[in-house]
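For clarity, every value in this text was computed on a predicted model and none was experimentally measured. Within every chain, numbering begins at 1; the chains are lettered A, B, ... in the order of the sequence lines, protein sequences first and strands thereafter.
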2 protein chains.
Amino acid sequence: MRRNELAEIQALPLFSGLRDDSFESLLRGAYVQNFPPQIELIREGDPADFLHVVVEGTVELFASWNGRETTMATVRPIATFILAATIKDGPYLMSARTVEKARIILLPSIDVRNIFEADANFAKAIVLELSQCYRSVIKASKDMKLRNSVERLANYLLKKDIENGGNGQFDLSIEKRRLASYLGMTAENLSRAIKSLKDYGVEIEGSKVTIKSAETLGSLAKPTPLIDDPAY
Amino acid sequence: MRRNELAEIQALPLFSGLRDDSFESLLRGAYVQNFPPQIELIREGDPADFLHVVVEGTVELFASWNGRETTMATVRPIATFILAATIKDGPYLMSARTVEKARIILLPSIDVRNIFEADANFAKAIVLELSQCYRSVIKASKDMKLRNSVERLANYLLKKDIENGGNGQFDLSIEKRRLASYLGMTAENLSRAIKSLKDYGVEIEGSKVTIKSAETLGSLAKPTPLIDDPAY
DNA sequence: CGTGGCCTTGAATGTATTCAACGGGGGTGG
DNA sequence: CCACCCCCGTTGAATACATTCAAGGCCACG
């Protein structure tokens, strides 16, 4: 494990409050791995042997049933996934695969559970992390159920614009077919959604996005912190 | 508060491990209230002043945006809701209303947070409860995204059948319009879904449900613990 | 006996997916 | 260096799934 990564991990809210001995014993069984794109990391139904921490790259959580598949969430650095399964010692409810190449820390679930039992600070940190995860899923679910595809795209673009300085010009740093999946629609449908946003002053050429008026786009998107603010 | 309720509350996984002094101070600020049907208990966006525990009746969690509304979950005794908002001291992400008349315990969030800080056992119990809530939402989300309305109904009926002894005869103890909302569809659509299940040996007259062959219905429903088992 | 609510049914509409076809750009191999 | 090919993105048409709107039946209740 790289030295600066170690510091970075210890700085994570989830681990920052740990006693030194807890943190050490957690890392003793841990290892880091680099994965190429499109590798399946875990499969739903399997026992949750490791808590995963995404240090670099992007991971997609998805679920399948009866030959169908749907994207549930996207995890970017630095964040954990399948914490709940680890804690409950239950099976994964979702599968995960890398989207871009990714660097991931694997912490044996048994260690996580042991330290959770022994170190009250860790238990508290887990509560906060879990609350965050829970609320993220709720927000994603609201986005999916309450908005149609054009509205989801509009809100996504507004969010990205702000992340990139809010000057109405930024790069879509993601393949369109992945974006489509991320937004819960087909690639074809995304094409049409992009087209229909022209009326609201959105221009997308290749990966270059131009929003002529955030006001106008906002009148369609109607963003709200109760869905769109990750910190809420 | 009724005496037997107090015992019942203390028996909840969430509270059973508490130190006696913690439990007492938690109850000091608590109160119990009876609500008629269709009362709005909390509104999304409001600060999370109380942790709610449903002792009796049914509560629906729902979310709104831009004039639309969708049911997110249904809470039945004995369970808590909005634990995550309470812990994070954040705003509610969902609204809640009673469906049937309900008896609910209200625990001031500030007390919950204080005891969470002071009593490590409580922190652990909260982690388990939160994990449970999280996984429930994931399962509900999978049900919604991976299945169409007929399949959701089929799985619902199979589950209810088992709850009622699994003899293929039971009572739909819920209004159809509510069931429709619970299953994420309109009342009209539920009517049609019921009709289309006739081919699979399902007969619904009024509130009496008859499943001629759980096998046949199962071939359509394809239930899986990764979506349908609440204990998973 | 009337009335209101719940349920059902039909028709029209909307949203999104599927299937098929095509264009263009980047990379590879000749 | 160029031709080829593959993959991504786009577009159109057909289809699937679900909602909306309108109307009518049934039952319980006053």
Side-chain angles (χ1 to χ4, degrees), chain A residues 36-38 62 64-71 99-100 141-157 171-200 202-209 220-221, chain B residues 36-38 62 64-71 99-100 142-157 171-199 202-209 220-221:
Chain A
Q38 298 299 322
F62 63 100
S64 310
W65 178 79
N66 196 25
R68 297 167 213 168
E69 185 183 305
T70 185
T71 300
V99 177
E100 316 157 348
S141 183
K142 288 171 68 173
D143 190 42
M144 275 297 306
K145 293 181 76 173
L146 291 168
R147 290 171 173 161
N148 64 25
S149 56
V150 176
E151 290 162 344
R152 289 200 296 279
L153 174 61
N155 278 288
Y156 176 86
L157 293 176
D171 198 275
L172 209 64
S173 53
I174 179 176
E175 263 179 306
K176 282 185 184 166
R177 45 180 40 237
R178 289 198 200 300
L179 177 58
S181 165
Y182 176 71
L183 293 174
M185 60 183 111
T186 58
E188 296 95 324
N189 204 17
L190 175 59
S191 261
R192 290 165 188 137
I194 289 173
K195 240 195 202 169
S196 68
L197 282 186
K198 268 188 186 161
D199 299 344
Y200 293 87
V202 175
E203 203 75 31
I204 302 186
E205 285 176 34
S207 70
K208 288 166 62 83
V209 180
L220 170 71
Chain B
Q38 297 300 322
F62 64 100
S64 311
W65 178 78
N66 197 24
R68 298 168 212 166
E69 186 183 304
T70 184
T71 300
V99 177
E100 316 158 348
K142 288 171 69 173
D143 191 42
M144 274 298 305
K145 292 181 79 174
L146 290 168
R147 289 171 174 162
N148 64 26
S149 56
V150 176
E151 291 162 344
R152 289 201 297 279
L153 174 61
N155 278 288
Y156 176 87
L157 293 176
D171 199 276
L172 209 67
S173 53
I174 179 176
E175 264 180 303
K176 282 184 184 167
R177 45 180 38 238
R178 288 195 201 299
L179 177 58
S181 165
Y182 175 72
L183 293 175
M185 60 183 110
T186 58
E188 295 96 324
N189 206 16
L190 176 59
S191 260
R192 290 164 189 138
I194 289 173
K195 238 195 204 169
S196 68
L197 282 185
K198 266 188 187 161
D199 299 343
V202 175
E203 202 76 32
I204 302 185
E205 286 177 32
S207 70
K208 288 165 63 84
V209 180
L220 170 72

**Student:** Using whole Å, report how far NZ of Lys195(A) lies from C1' of dT10(D).
**Tutor:** 8 Å

**Student:** Between Lys142(A) (side chain) and Thr70(B) (backbone), is there a donor-acceptor pair under 3.5 Å?
**Tutor:** no

**Student:** For each nucleotide in nucleotides 24-30 of chain D, reading 5' to 3', give B when a protein heavy atom comes within less than 4.0 Å of its base, S when such contact involves only the sugar-phosphate, and - otherwise.
**Tutor:** -------

**Student:** Keeping the roles fixed (side chain from Arg147(B), backbone from Arg152(B)), state whether a donor-acceptor pair exists under 3.5 Å.
**Tutor:** no

**Student:** Between dA16(D) atom C1' and Glu151(B) atom CD, what is the distance in whole Å?
**Tutor:** 13 Å

**Student:** Counting C-beta onward and ignoring hydrogens, is there a side-chain heavy-atom pair between Val99(B) and Tyr182(B) closer than 4.5 Å?
**Tutor:** no

**Student:** Whole-Å distance between dC8(D) C1' and Glu205(A) CD?
**Tutor:** 17 Å

**Student:** When rounded to the nearest 0.5 angstrom, what is the spacing between CZ in Arg177(B) and CG in Leu190(B)?
**Tutor:** 11.0 Å

**Student:** So which atom in Glu151(B) and which in Asn66(A) form the shortest heavy-atom distance, rounded to 0.1 Å?
**Tutor:** OE2-ND2, 4.3 Å

**Student:** Check whether any side-chain heavy atom of Ile194(B) sits under 4.5 Å from a side-chain heavy atom of Leu153(B), and report yes or no.
**Tutor:** yes

**Student:** Going by heavy atoms closer than 4.0 Å, what residues in residues 174-190 of chain A are next to DNA chain D?
**Tutor:** Glu175(A), Lys176(A), Arg177(A), Glu188(A)

**Student:** Heavy atoms of chain A, cut-off under 4.0 Å: which first and last nucleotide of DNA chain C, 5' to 3', fall inside that, if you could look?
**Tutor:** dT15(C) to dC19(C)

**Student:** Send over the distance from Leu146(B) CG to dC17(D) P, rounded to a whole Å.
**Tutor:** 15 Å

**Student:** To the closest 0.5 Å, what do you measure between CD (Glu175(B)) and OG (Ser181(B))?
**Tutor:** 11.0 Å

**Student:** Measure from CE on Met144(B) to P on dC17(D) and round the result to the nearest Å.
**Tutor:** 15 Å

**Student:** Ignoring backbone atoms, test whether Ser149(B) places a side-chain nitrogen or oxygen under 4.0 Å from the OP1 or OP2 oxygen of dA18(D).
**Tutor:** yes

**Student:** Less than 4.5 Å apart, side chain to side chain, heavy atoms only: is that true for Leu220(A) and Val150(A)?
**Tutor:** yes

**Student:** Could you report the tightest heavy-atom contact between Met144(A) and Gly184(A), atom names first, then the distance?
**Tutor:** SD-CA, 4.3 Å

**Student:** With side chains defined as the heavy atoms from C-beta onward, is the minimum distance between Leu157(B) and Leu197(B) less than 4.5 Å?
**Tutor:** yes

